[in-house]
Chemist: 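Quick one: this structure, given as structure tokens, is what I'll be asking you about.
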Amino acid sequence: MPLTLHHHHHHLLLHFLHLLLLSTTTSTLPPPSPSYPFGFSYHIDCGSPTNTTDLFNTTWLSDRYFTGGATAIVSEPLHFNHHHEKTLRFFPISSGKKNCYSLPFPTLPFPSYRFFLRTFIVYDNYDGKSHPPSFDVSVHGTVVFSWRSPWPQSVARDGAYSDLIASFPSSDTAALICFYSFATDPPVISSLEFFAVDPNSYDASSTGNSNVILVNYGRLSCGSNQWGPGFTNDVDRFGRSWQSDSDFRTRNSNKIVALSTRSDVSGADQKPNYFPAKLYQTAVTTNEENGGVLEYELSVDAKLDYLLWLHFAEIETRIRKVGERVFDVFINSENLTRIDIYKQVGSFTAFTWHHTVKNLSSSVLKVKLVGVVDAPLICGIENYALVPTDPSTVPQQVMAMKALKDSLRVPERMGWNGDPCAPTSWDAWEGVTCIMSKDKTALVISQIDLGSQGFKGFITDQISLLSDLVSLNLSSNSLVGEIPSGLGQKSLTQLDLSNNQLTGSIPDSIASSSLQLVLLNGNLLEGRVPEELYSIGVHGGAIELVSAMYEFFTLLSHPELMNNIYEFIYFLSFKSRRPSVRVMNERIYTGSTRFKGERIYELVDVIHKFGMREKCEELVHDRHTSNKTGKNKDSRRRNDYDFALPHELTSLAAKRNRYQRQKSLMVLEMESQHAKGLPSPFTT
């Protein structure tokens, strides 16, 4: 049973060839230290507490500075020959569903980076649960490998190598290799190898941009056993491992003849692909003099395109001139080219031919060589799935979200790692909703719903970089500091920072014309309230700055209470000291409604902010004077005051119930979304 590779953008399952299920038990020597073309490489021993150096002077780095999670050792260490295959790192659900390695890029003199990535993943019942985990692996926001339980028994015990080639723009500063847990399964990884390769490698003119990843679907060396890093001490400067072709030949092939030579083969180990000389020193042909057939079947996913690379070298000394060996190449029954190796390059010289296969109609890709003159011959086959990259989050917004993660002190359990939005088949960061940008080229943050999470940090100024943010809810935490002056993007329509410990004044930027809901109550804010905020309520929105404001509006329906508030304002205006809270609690009430003295002080502050103090003091002074002189006692009824709020404030008071209903509905909606998990806008 092969492993599967899932690429969510097309909702596909891509089937790995047996190449990825290579047993490590056949290895006899540690891999050599490759002479990589660009002198930059990471060899990471996942789960190792210290750096190690193998017999060929390759330094394997501990991964303790690259990621989180926990470490373990395989259950049978003696079953593995390399140290980097015996240790592993796993990511328990307490680390969050998404965990990543961040590998910093070097400074290279190219407009884009091209890298080779190889992973070794093994389970070997390290946790004693006999349950290999289900998880995905992504590179820069694109799912490239999927592991689903149950694994084939041999893979679970022996492990598997997988590899790919990817390009990144030079503006990127690090490679993100992320692991996403399904259910509560902890992803595992034993080693990572990552290094720069020639930016022109593997037909870079068509595959070298950052819009496609070349995922290995089969790398066969014809006429030999498996070899290369991880298996033998044979050198491949790209770090490629090669598997025997024997398992992929069909019965339609004629009787096979394996060829080999120790002679040098020219044209190998040359830029940009650095194909190893060993690849061209073995080959297979048939015993048919004319019309012989070699046929291979490779498992593929019909929804993807593939880059097929065929390798040849004329290593039979009997072929001495042009036209003595000629054969046709058929791909899925289509005759694509006729090859005469000697005519192309002569003898004992490497020759390659590649072709992009598109519009497949089945899950099998057939490669057939049919002899025209003499028998066909081949040295190697490579097959790469061209996996389209998924959109990633706008870099500035990634920066802002990482700064927000740090400032809010988001706990590890929430899994805020890697790209906040990508891959789109995974959940976005907990509490975050993403949408496609207007130009459909990237992902942007549209909502952040992190109410009641117990955060004790502050709101970073970099939140202003979230230029597509529509809704922000950080209510009912213990956030401190000031409201960032940059908060109030034109896109923002809902803002709830209520019930925190925020201090300072309300920035003018909050008074955005797009805001329809502003909740800032339950904080320690002070100073002037931007006048534009009041118009939010006037024009059908909802606003709550301090709860005392709405208590003030409630007073409009309690004339007797207003009578006492007039008296209270008189005390504040004309007496040298404030009455005690006890006195105010006794004096200011109506029926069963009671307001604490501290709240009344807030009410008066609100009156001051509305510019009503002089009017109130005038009315209270007149009434106080009138009571002392006894004048006009009968001209007014007890609660008939010459007092009116501005029209806009009266409008706000009339909309209080509407606001309360809207707020309740919003809270219910947020709670519902939080409980269910926000649906992906990309689900089809």
Chemist: Which atoms form the tightest heavy-atom contact between T389 and V212, and what is the distance?
Modeler: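 Looking at all heavy atoms of both residues, the closest pair is CG2-N, 3.8 Å.
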Chemist: Can you name the closest pair of heavy atoms from T87 and C46 and give their distance?
Modeler: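 Looking at all heavy atoms of both residues, the closest pair is OG1-O, 2.9 Å.
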Chemist: Name the residue from D127, N125, D124 that meets the side chain to side chain donor-acceptor pair (under 3.5 Å) definition with S75.
Modeler: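 Single pass found, and it is D124.
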Chemist: Heavy atoms only: give me the nearest V143-V387 pair and the separation to one decimal.
Modeler: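 Looking at all heavy atoms of both residues, the closest pair is O-CG1, 4.4 Å.
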Chemist: Checking side-chain polar atoms at under 3.5 Å, does D419 have a donor or acceptor matched by the opposite partner on T393?
Modeler: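 Present: a donor and an acceptor within the cut-off.
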Chemist: Which heavy atom of F90 sits nearest to which heavy atom of T71, and what is that distance?
Modeler: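 In terms of heavy atoms, the two residues are closest at CE2-O, 3.5 Å.
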Chemist: Any chance the side chains of S241 and W227 put a donor and an acceptor closer than 3.5 Å?
Modeler: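 Judged by distance alone, the side chains do not pair up.
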Chemist: Is a donor on one side and an acceptor on the other found under 3.5 Å between the side chain of S149 and the backbone of P132?
Modeler: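 Flag set: sc S149 to bb P132 pair under 3.5 Å.
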Chemist: So W429 and M401, do their side chains get closer than 4.5 Å, heavy atoms only?
Modeler: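 In short, these two side chains touch, coming nearer than 4.5 Å.
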Chemist: Where the side chain of R118 meets the backbone of P229, is there a donor-acceptor pair that is under 3.5 Å apart?
Modeler: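 Present.
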Chemist: Distance only, no hydrogens: is a donor on one side chain within 3.5 Å (strictly under) of an acceptor on the other, for Y123 and R157?
Modeler: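 On atom types as modelled, these side chains do not qualify, holding no pair under 3.5 Å.
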Chemist: If you measure from the SG of C379 to the SG of C222, is it under 2.5 Å?
Modeler: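 The sulfur gammas are not closer than 2.5 Å, so no.
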Chemist: Roughly how far, to the nearest 0.5 Å, is CZ of F458 from CG of L404?
Modeler: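 Rounded to the nearest 0.5 Å, the CG-CZ separation comes out at 9.5 Å.
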Chemist: Give the intermediate values and the outcome of side chain to side chain contact (heavy atoms under 4.5 Å, CB included) for residues Y42 and T59.
Modeler: CA-CA 9 Å; Y42 284 108; T59 298; over 6 Å; no
Chemist: Under 3.5 Å, is there a donor on one side chain and an acceptor on the other for R413 and S94?
Modeler: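 Judged by distance alone, the side chains do not pair up.
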Chemist: Side chains of V188 and F135, heavy atoms from C-beta outward: is any pair under 4.5 Å?
Modeler: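 Result yes, sub-4.5 Å side-chain heavy-atom pair found.
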Chemist: Does any part of the side chain of D163, heavy atoms only, come nearer than 4.5 Å to the side chain of T119, both counted from C-beta?
Modeler: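 They are not in contact (no side-chain heavy atoms under 4.5 Å apart), so the answer is no.
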Chemist: Could you please spell out the steps behind the side chain to side chain contact (heavy atoms under 4.5 Å, CB included) verdict for L472 and I463?
Modeler: CA-CA 10 Å; L472 175 63; I463 199 170; 3.7 Å; yes
Chemist: Hey, does the side chain of S190 reach the backbone of V122 with a donor-acceptor pair shorter than 3.5 angstrom?
Modeler: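 Not at all, since once roles are kept as given, no pair shorter than 3.5 Å links the two residues.
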Chemist: Kindly assign one of parallel, tilted or perpendicular to the pair F275 and W309, based on the angle between their ring planes and the thresholds 30° and 60°.
Modeler: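 Ring orientation of F275 relative to W309: tilted.
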Chemist: We want to know whether E382 and H311 form a side-chain donor-acceptor pair, criterion being a heavy-atom distance below 3.5 angstrom.
Modeler: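 Judged by distance alone, the side chains do pair up.
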Chemist: Please tell me if the side chains of P423 and Y180 come closer than 4.5 Å, counting only heavy atoms from C-beta onward.
Modeler: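 Counting from C-beta outward, P423 and Y180 never come under 4.5 Å.
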Chemist: Is there a donor-acceptor pair under 3.5 Å between the side chain of Y274 and the backbone N or O of V197?
Modeler: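 Answer holds: no.
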Chemist: Are any of the side-chain nitrogens in E297 or R249 under 4.0 Å away from the carboxylate oxygens of its partner?
Modeler: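 No, E297 and R249 are not salt-bridged.
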Chemist: So, the side chain of S191 versus the backbone of D45: is there a donor-acceptor pair under 3.5 Å, distance only?
Modeler: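 No, S191 side chain to D45 backbone: no donor-acceptor pair under 3.5 Å.
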Chemist: To check you understand the geometry: which heavy-atom pair defines the closest contact between S162 and F145, and what is its length?
Modeler: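 Heavy-atom minimum between the residues: CB-CZ, 3.6 Å.
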Chemist: Angle between ring planes, Y101 versus F179, binned at 30° and 60°: parallel, tilted or perpendicular?
Modeler: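 It falls in the perpendicular class, over 60°.
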Chemist: Would Q397 and D468 count as a side chain to side chain donor-acceptor pair (under 3.5 Å) if you check the C-alpha gap in whole Å, the side-chain angles of each, and the deciding distance to 0.1 Å?
Modeler: CA-CA 9 Å; Q397 299 200 17; D468 301 275; 2.8 Å; yes
Chemist: With under 30° as parallel and over 60° as perpendicular, where do the rings of F105 and F168 fit, or are they tilted in between?
Modeler: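 Tilted.
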Chemist: Is the ring pair F115/F194 parallel, tilted or perpendicular, if the boundaries are 30 and 60 degrees?
Modeler: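 Ring orientation, 0 to 90° scale: parallel.
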Chemist: Any side-chain donor-acceptor pair under 3.5 Å between E85 and Y161?
Modeler: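 Yes, because at least one side-chain N or O of E85 sits under 3.5 Å from a partner of the opposite role on Y161.
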Chemist: Would you kindly say whether Y202 and N273 are connected by a side-chain donor-acceptor distance under 3.5 Å?
Modeler: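 No, N273 and Y202 have no side-chain donor paired with an acceptor closer than 3.5 Å.
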Chemist: Just how far is it from atom CG of L88 to atom NZ of K86, taken to the nearest 0.5 Å?
Modeler: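 It comes to 13.5 Å.
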Chemist: Given side chains that start at C-beta, do those of V139 and L117 come closer than 4.5 Å, heavy atoms only?
Modeler: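 Yes, their side chains come closer than 4.5 Å.
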Chemist: With rounding to the nearest 0.5 Å, note down the distance linking CZ in F91 to CD in E412.
Modeler: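 Rounded to the nearest 0.5 Å, the CZ-CD separation comes to 10.0 Å.
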Chemist: Would you check if the distance from the ring center of F120 to the ring center of H84 is below 6.0 Å?
Modeler: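 F120 vs H84: aromatic centres not under 6.0 Å.
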Chemist: Looking at NE2 of H83 and OG1 of T50, how far apart are the two atoms once the value is rounded to the nearest 0.5 Å?
Modeler: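 Answer for the NE2-OG1 pair, H83 versus T50, is 6.5 Å.
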Chemist: Considering non-hydrogen atoms only, spot the tightest contact between D305 and K358 and give its length.
Modeler: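 That closest heavy-atom pairing would be OD1-CA, 3.4 Å.
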Chemist: State whether a side-chain donor-acceptor pair under 3.5 Å links R89 with T67.
Modeler: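 The criterion, which ignores hydrogens and geometry beyond distance, is not satisfied for T67 and R89.
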Chemist: For the side chain of N417 and the backbone of C100, is there at least one donor-acceptor N/O pair under 3.5 Å apart?
Modeler: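 No, because the side chain of N417 does not come within donor-acceptor range (under 3.5 Å) of the backbone of C100.
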Chemist: Using a 3.5 Å distance criterion without hydrogens, assess whether the side chain of S181 forms a donor-acceptor pair with backbone atoms of D185.
Modeler: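 Such a contact is found between S181 side chain and D185 backbone.
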Chemist: Is the backbone of G96 close enough, under 3.5 Å, to the side chain of N99 for a donor and an acceptor to pair up by distance?
Modeler: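 The answer is yes, because a donor-acceptor pair under 3.5 Å joins these two groups.
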Chemist: Is there a side chain to side chain contact (heavy atoms under 4.5 Å, CB included) between W416 and K402? Walk through the geometry before answering.
Modeler: CA-CA 8 Å; W416 276 35; K402 289 182 177 179; over 6 Å; no
Chemist: When you measure from the side chain of D136 to the backbone N and O of S146, does any donor-acceptor pair fall under 3.5 Å?
Modeler: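 Not at all, since once roles are kept as given, no pair shorter than 3.5 Å links the two residues.
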Chemist: Can you list the steps and then say if C178 with W426 is a side chain to side chain contact (heavy atoms under 4.5 Å, CB included)?
Modeler: CA-CA 11 Å; C178 298; W426 298 357; 4.0 Å; yes
Chemist: How far does CZ of R240 sit from CG of L279, to the nearest 0.5 angstrom?
Modeler: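 Atom-to-atom, R240:CZ and L279:CG are 8.5 Å apart.
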Chemist: Have a look at N383 and tell me which of L308, L220, N216, L214 forms a side-chain contact (heavy atoms from CB on, under 4.5 Å) with it.
Modeler: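 With N383 as partner, L308, L220, N216, L214 yield a single side-chain contact (heavy atoms from CB on, under 4.5 Å), made by L308.
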Chemist: For A183, does its backbone N or O pair with a side-chain atom of K97 as donor and acceptor, under 3.5 Å?
Modeler: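 Checking the backbone N and O of A183 against the side chain of K97, a donor-acceptor pair under 3.5 Å is found.
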Chemist: For H79 and D158, does a side-chain donor sit closer than 3.5 Å to a side-chain acceptor?
Modeler: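 Yes, D158 and H79 have a side-chain donor paired with an acceptor closer than 3.5 Å.
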Chemist: For the pair D236 and K278, find out whether any cationic side-chain nitrogen is under 4.0 Å from an anionic carboxylate oxygen.
Modeler: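 So D236 does not pair with K278 through a salt bridge.
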Chemist: With the side chain counted from C-beta on, respond yes when W147 and V155 share a heavy-atom pair under 4.5 Å apart, and no when they do not.
Modeler: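 Counting from C-beta outward, W147 and V155 do come under 4.5 Å.
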Chemist: Which value, rounded to the nearest 0.5 Å, describes the distance between Q226 atom CD and D247 atom CG?
Modeler: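 So the CD of Q226 and the CG of D247 are separated by 10.0 Å.
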Chemist: Using a 4.5 Å cut-off on heavy atoms from C-beta on, say whether the side chain of E193 contacts that of I44.
Modeler: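 The answer is no; the side chains never approach within 4.5 Å.
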Chemist: I'd like to check L450 versus L408 (side-chain heavy atoms, cut-off strictly below 4.5 Å). Are they in contact?
Modeler: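 Yes; the side chains approach each other to less than 4.5 Å.
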